[in-house]
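Written out below as structure tokens is the structure these notes cover.
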Amino acid sequence: MESLLQHLERFSELLAVSRTTHVSPWDPATVRRALQWARYLRHVHSRFGRHVRIRTALERRLQKRWRQEGTSGSFPVPGLTNFQALGRCDLLLSLRLLENRALGDAAYHYLLQQLFPGPGVPDADEETLQGSLVRLARRRSAVHMLRFTGYGENSVLEDSVLKTQAELLLQRLREVPKAEGEGPSRFLSALWDRLPQNNFLKVIAAALLLPPSSPRPQGEELELGTPKTPGQGGQELVRWLLAKSDVMAAFCHNLPVGLLTSVAGRHPELSRAYLGLLTDWGRHLRYDLEKGTWVGAESQHASWEELYGRFQSLCQAPPPLKDEVLTALESCKAQDGDFQVPGLSIWTDLLLALGRGS
Amino acid sequence: MQKLSVWDQASTLETQQDTCLHLPRFQEFLRQVYEVLKEMDSNTIIERFPTIGQLLAKTCWNPFILAFDESQKILIWCLCCLINKEPQNSEESKLNSWTRGLLSHILSAFRFDTKEVGLFTQGLGFAPADYCPGLLKNMVLSLVSELRENHLNGFNTQRRMVPEKIRFLSRVCIPLVTLPDIEPLVEALLIYHGHEPQEVLWPEFFDAVNEAFLLKKISLPISAVVCLWLRHLPSLEKATLHLFDKLISSQRNFLRRIECFLKDSLLPEAACHPAIFRIVDEMFRYALLETDGAPEVLAAIQVFTRCFVEALEKKNKQLKFTFKTYFPYASPSLVMMLLQHPKEIPQELWHQPLKHISEMLREMVEDQTHGSYGGPFECWFLFVHFGGWADIAAEQLVMSEAEPPEALLWLLAFSYSPRDRSLQRAQTMTEVKAVLGHLKKLFRSPTLSAKDLQAAAAESQARDPRPPLCQKLIRRLILNFLLWAPGGHVIAREVITLMAPTDELTHEMTGLLDQTLYRWDHLCMEAPKSRKLARELLEELCLAGTAC
């Protein structure tokens with residue numbers, strides 16, 4: 001067991017190195033050894049896939065290592081992040097070496113010979129490395145060719161990219177060990193700090209809207225030993241959002257109105273928080289007698305249009321969300337004094353504008 | 001090769017649609033290129049084919065070629081040939097560098113993510129190789145749901161796909177047809193009905209899908225295949241011809257195998273749609289005429305009809321289309337008669353439907369004024385679909401103790417020799433009746449010998465020699481006799497050797513035995529001794545001759 005873990009460590013290092021200029025002194029023999037190691041680990045993956053103890057041990061070691069890499073300042077290029085990745089480690093290694101210009105000619109030539117032996121090998125077996133590489137190339141050109149079809153300019157691609165990112169996020173969330181109670185939250189917070197936030201918000205929304213059946217891990221069947229239920233990833237996200245008010249604020253502020261309504265419709269806890277936020281925004285607006293509209297006291301406050309736009313969208317949602325929203329508005333209006341005349345309470349005005357004022 | 005090189009350079013410069021037309025040939029060309037290149041080293045290649053670099057580079061940048069079948073693989077092989085293990089000078093180094101760039105491009109080209117997305121995926125620990133399959137799957141799903149929405153809601157949907165976009169999509173799918181990830185999209189396109197009067201999909205798309213389907217490189221549900229064949233007639237014709245090739249090959253195909261081929265081809269199931277049935281039937285008719293009634297074609301028609309009827313019954317208990325739509329030239333009552341399952345009628349009563357069928361056919365054939373039923377050939381062609389009845393008639397005649405009914409004699413004579421005039425047919429019937437008479441006497445004889453049988457079947461010297469088809473019929477009756485008579489198994493081999501001295505006749509015998517066993521299986525007939533004998537004989541004949 002220990003030797004296996006060591007082997008894993010050494011290979012992870014190797015994988016990290018394979019992207020750098022450190023490969024320039026490599027000769028064909030080194031390449032051969034590297035490929036052999038990869039093949040060995042792949043064999044480990046297929047042999048011990050169902051062996052829970054070994055699998056867990058390997059996975060734990062990999063995750064620990066990955067997180068270590070992750071917390072160090074700059075952005076490392078990830079290597080093996082979980083047990084599943086072992087099934088593709090030879091593919092990962094090969095791709096990195098192929099793209100590495102620093103690899104010497106002789107070593108590169110040897111690599112090509114190993115990876116692409118030519119027509120002699122029966123390629124019907126999908127497991128061969130040649131088959132995987134070639135299939136990847138084919139899939140990439142497929143993505144490229146399909147991108148310009150569909151409704152709107154690039155929307156097939158954009159939506160799919162978002163959805164794919166969402167699936168990846170949920171997959172990682174599933175893997176974060178629950179033993180350390182705060183695991184998922186810390187993980188998400190770390191991501192929030194490091195990654196481009198606008199994109200992250202969109203991905204979260206997409207993840208929250210994924211169909212309740214489990215988004216499958218990339219390219220492989222749902223494996224044994226994943227006791228977590230599918231919807232749990234989504235639950236973690238919601239929990240985290242509710243806990244982090246700054247993220248929640250950004251979420252509600254930056255995303256398109258219709259998207260927010262959809263998310264609120266799906267997740268009742270979020271709809272409550274969303275409504276809370278909106279009422280908060282509402283309270284910051286003052287009526288400007290001269291202009292005849294509601295304005296924010298400071299520039300960062302939401303405007304009347306933004307507030308109205310969101311409420312309008314929410315009122316077009318199916319019940320129970322719609323009813324919830326209207327009830328909330330009514331009660332705010334009542335709290336304010338139940339004015340019927342415009343200009344006194346923002347809630348009255350909103351209801352009037354929405355056509356629900358009585 | 002130089003000439004080809006020039007031609008293909010031009011073709012890669014052309015627009016996408018022309019590229020699509022040439023994709024399979026280009027792949028072959030690439031294969032040939034590789035065969036040549038692999039024998040040489042890098043420097044020789046550049047000397048001999050200075051333009052090879054340009055050719056390969058242009059190919060690398062063409063996504064259609066990279067997406068097609070195995071072209072990307074062969075291209076990679078070609079490029080590998082250009083890599084120099086130990087470059088001696090800067091020229092060679094540059095070539096290496098350039099080639100590596102191309103290889104890199106093939107494997108990691110077409111960036112489809114923005115910088116933000118790249119950071120996100122990296123931050124989660126995924127490389128493009130990890131999520132590319134998932135991305136493709138999501139794109140396909142998205143397109144499929146758009147197509148479905150379009151299909152269901154037509155003008156009401158906000159996300160409406162314009163016909164041009166759908167046509168574009170079909171063109172883009174042509175090279176991708178054999179990629180399993182694309183199957184749902186191909187299916188959705190086939191099933192999609194626009195609201196435009198003309199066909200919106202590219203014809204080459206149908207061709208490509210059909211080819212892939214026939215070569216089993218794509219698996220489609222029957223509904224999609226039916227759509228394909230209904231929308232694109234050449235595909236249906238090609239599929240039927242492909243089937244014919246398999247069925248009517250030089251080696252003998254046993255009926256069981258024919259049934260497998262047929263079911264595999266999905267044609268019987270698809271034929272539940274009358275338009276498809278009519279076209280396939282037409283092609284069978286043509287084949288029959290061309291081969292002048294070859295027994296392989298007859299067998300194929302029979303098995304096809306059986307599979308077709310089976311599929312039809314499975315589909316819906318109440319038929320969507322009446323039988324008239326499938327057999328427009330036939331009398332409906334005759335069709336209903338023929339469609340009856342002998343299994344559902346007790347064996348003792350089989351002579352009843354046989355008699356009815358015979359009478360109906362006879363009426364149609366002999367009555368010259370009944371033009372609407374197409375004449376003798378059409379009647380015979382219809383009957384041939386349900387050839388099992390003739391086999392049953394032949395068996396009944398031998399097995400029953402009674403006087404052979406006129407109707408059955410006529411039926412058999414007609415089925416073997418439809419072109420006879422009434423006089424000839426009457427003669428045949430008389431001959432057969434005579435032979436049957438002899439056979440009946442011998443049926444329960446305890447001391448049966450081959451000579452006896454020979455005598456029974458002998459032609460009378462007085463009359464004209466029997467026409468070949470009549471001889472064939474008599475051989476059949478003798479075979480049935482051997483299988484059913486209590487003393488038959490003793491003399492069977494001897495008789496057969498006498499009856500079938502040539503390869504051709506042995507071929508005929510094996511065909512009859514195979515047909516008989518096949519029929520008994522489907523009728524669930526209990527006949528252990530006869531079955532055993534038939535099976536043994538079949539095996540022996542197969543081993544002995546070149547008939548199998």
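Each chain gets a letter, A, B and so on, in the order its sequence line appears, and its residues count up from 1. Everything numeric in this text was worked out from a predicted model, so none of it was measured.
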With side chains defined as the heavy atoms from C-beta onward, is the minimum distance between [X] and [Y] less than 4.5 Å?
X       : Y       : result
D105(A) : E86(B)  : no
L146(A) : L169(B) : yes
E99(A)  : S108(B) : yes
N138(B) : E167(A) : yes

Taking side chain as everything from C-beta outward and backbone as N, CA, C, O, which of these in [X] sits under 4.5 Å from a heavy atom of chain B? Side chain, backbone, both or neither.
X       : result
L162(A) : neither
L111(A) : neither
L133(A) : both

Select, from L115(A), L191(A), L103(A), L95(A), the one with the greatest count of heavy-atom pairs under 4.5 Å involving chain B.
->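 Winner by heavy-atom pair count: L103(A).
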Any donor-acceptor pair under 3.5 Å from R100(B) side chain to Y108(A) backbone | no
State whether F120(B) and R194(A) meet the cation-pi test: NZ (Lys) or CZ (Arg) under 6.0 Å from the six-membered ring centroid, and within 45° of the perpendicular axis.
->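 No cation-pi geometry.
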With a 3.5 Å cut-off and no angle check, do the side chains of R138(A) and S71(B) form a donor-acceptor pair?
-> no
Just checking, is any N or O donor in the side chain of Q165(A) or T121(B) under 3.5 Å from an acceptor N or O on the other one?
->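 Absent: no donor and acceptor within the cut-off.
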